[in-house]
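Quick note: residue numbers are just sequence positions, from 1.
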Amino acid sequence: MLSINVAVLLAVVIVVRLRRRTEARSRFDEKLTVVIVLVFGVLIAPTSFGQGVLNAVGQVARSLSQTSSP
């Protein structure tokens with residue numbers, strides 16, 4: 001039996017959708033892409049990869065807030 005990880009499948013769908021030209025997208029198409037990306041984020045959030053991304057983004061945000069404050 002073939003098992004497909006939903007997060008991997010959504011990542012492939014996101015890459016394919018984002019490779020299309022911007023001019024060829026309708027508003028519905030853009031909204032659907034946003035929903036797919038949000039679902040992907042929810043799926044990878046509890047994984048170790050998702051936690052690593054969260055930590056990296058948090059460090060970047062902290063460093064940017066420290067450099068921009070007087």
Subject >> Residue pair Thr33 / Ile14, side-chain heavy-atom distance below 4.5 Å >> reply: no
Original post:
Ignoring hydrogens and geometry, is there a side-chain-to-backbone donor-acceptor pair from Gln51 to Ala45 under 3.5 Å?
Top reply: yes
**OP:** Answer with yes or no whether the hydrophobic clustering places Val34 together with Val13; edges join I, L, V, M, F, W, Y residues whose side-chain heavy atoms lie under 4.5 Å apart.
**Re:** no
**OP:** Could you tell me which residues satisfy side chain to side chain donor-acceptor pair (under 3.5 Å) with Thr47, sequence neighbours excluded, listed by chain and number?
**Re:** none
**OP:** Report yes or no: do Leu54 and Val37 belong to one cluster of Ile/Leu/Val/Met/Phe/Trp/Tyr joined by side chain heavy-atom distances under 4.5 Å?
**Re:** no
**OP:** For residues Ala7 and Phe40, report the shortest heavy-atom separation together with the two atoms involved.
**Re:** O-CE1, 3.1 Å
Original post:
Is there side-chain contact between Leu38 and Val42, with at least one heavy-atom pair below 4.5 Å?
Top reply: no
Original post:
With hydrophobic residues grouped by side-chain heavy-atom distances under 4.5 Å, do Val6 and Val12 end up in a single group?
Top reply: no
